[in-house]
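A short worksheet on the structure shown next.
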Amino acid sequence: MRVPLLRQLRDPLGLARAAQSEHSAKLTPRTATADRIVDSICPYCAVGCGQKVYVKDEKVVQIEGDPHSPISRGRLCPKGAASEGYVNSPLREYKARYRRPGGLQWEEIDLENALDMIADRVIEARRETWEDSDEQGKPLNRTRGIAFLGGATLDSEENYLIKKLFTAAGAVQIENQARI
């Protein structure tokens, strides 16, 4: 039926066909064509809203609030609702930028190389700042050359593992921004 007035008379609240055009009636939601749905948590603040990430052909096609999340009950703030745009943005970086000591220009390096550089620096900082014992000979077995500040969106299990990792490395300055 093409006459909008007649559609509205048959559906006075505008909840069914009256609210649809011929074009919109033929549309399929992006979520209906997804290969799989991945549960996730919004990365933007300390609230930890639940997200449903819809994936098709290994590409994120939609991100929505998780109605089963006890925290957000399916709701997302504007940043969380725009997450899919961030994931699929043509401006998204896939390389790290590095400026050499004394350098004036940034250069692009691949992520694997960047991670290797970070690991080398952590190992070197630990080696150079390691403290076996204090002046009285009491064992310290620590380094104050490495610190960690975690993000508020990390869950308890992730924080537990990070604490174990950095404690095993001898770090004593370990904090999470959710507690600051």
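Here the SG-OH distance, from Cys49 to Tyr44, works out to 12.5 Å after rounding to the nearest 0.5 Å. The distance from the CG atom of Leu111 to the CD atom of Glu93 is 9.5 Å, given to the nearest 0.5 Å. One finds the NZ atom of Lys52 at 12.0 Å from the OG1 atom of Thr31 (value rounded to the nearest 0.5 Å). Within the model, atoms CG of Asn113 and CD1 of Ile118 stand 10.0 Å from one another, a figure rounded to the nearest 0.5 Å. Interatomic distance, CG of Leu76 versus CD1 of Ile63, reported as 9.0 Å (0.5 Å rounding).
A single hydrophobic cluster is seen to contain both Phe148 and Val122, as judged by linkage of ILVMFWY side chains at heavy-atom distances under 4.5 Å, directly or through other members. Linking Ile, Leu, Val, Met, Phe, Trp and Tyr whenever their side-chain heavy atoms come within less than 4.5 Å leaves Ile37 and Val60 in two separate clusters. Two different hydrophobic clusters hold Val172 and Ile146 under the rule that ILVMFWY side chains link at heavy-atom gaps under 4.5 Å. Each of Val47 and Ile41 belongs to its own hydrophobic cluster when Ile, Leu, Val, Met, Phe, Trp and Tyr are linked at side-chain heavy-atom distances under 4.5 angstrom.
Taking every heavy atom of both residues into account, Lys56 and Thr33 meet most closely at CD-O, 3.5 Å. Here the shortest heavy-atom pairing between Cys42 and Gly80 reads SG-CA, 3.7 Å. Nearest heavy atoms, Ala171 versus Ile174: O-CD1, 3.7 Å. Contact record, Ala114 with Ala96: CB-CB, 3.7 Å, taken as the closest heavy-atom pair.
Evaluated for a salt bridge (Lys or Arg N to Asp or Glu O under 4.0 Å) with Glu107, the options Lys95, Arg97, Arg100 yield exactly one hit, Arg100.
The closest donor-acceptor contact from the side chain of Thr129 to the backbone of Thr143 lies at 3.5 Å or more, if one exists at all.
Within a 6.0 Å sphere centred on CD of Glu112, heavy atoms belonging to other residues, nucleotides or ligands number 12 at most.
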Show me, pair by pair, the donor-acceptor contacts under 3.5 angstrom made by side chains of residues 158-168, not counting sequence neighbours?
residue: Glu158; atom: OE1; partner: Asp155; partner atom: N; Å: 2.9
residue: Asn159; atom: OD1; partner: Asn176; partner atom: ND2; Å: 2.7
residue: Asn159; atom: ND2; partner: Asp155; partner atom: O; Å: 3.4
residue: Thr167; atom: OG1; partner: Lys163; partner atom: O; Å: 2.7

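Annotation: side-chain contact (heavy atoms from CB on, under 4.5 Å) contacts of Leu140 (sequence neighbours excluded): Glu131, Asp134, Arg142.
Pairs passing the salt bridge (charged side-chain N to carboxylate O under 4.0 Å, His left out) check and including a residue from residues 73-92, sequence neighbours excluded, do not occur.
For the pair Arg127 and Trp130, the cation-pi criterion (under 6.0 Å, within 45° of the ring axis) is not fulfilled.
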**Derivation and outcome, side chain to side chain contact (heavy atoms under 4.5 Å, CB included), residues His68 and Asp39** = CA-CA 10 Å; His68 297 105; Asp39 291 329; over 6 Å; no
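No side-chain heavy atom of Asp66 sits under 4.5 Å from any side-chain heavy atom of Gln51.
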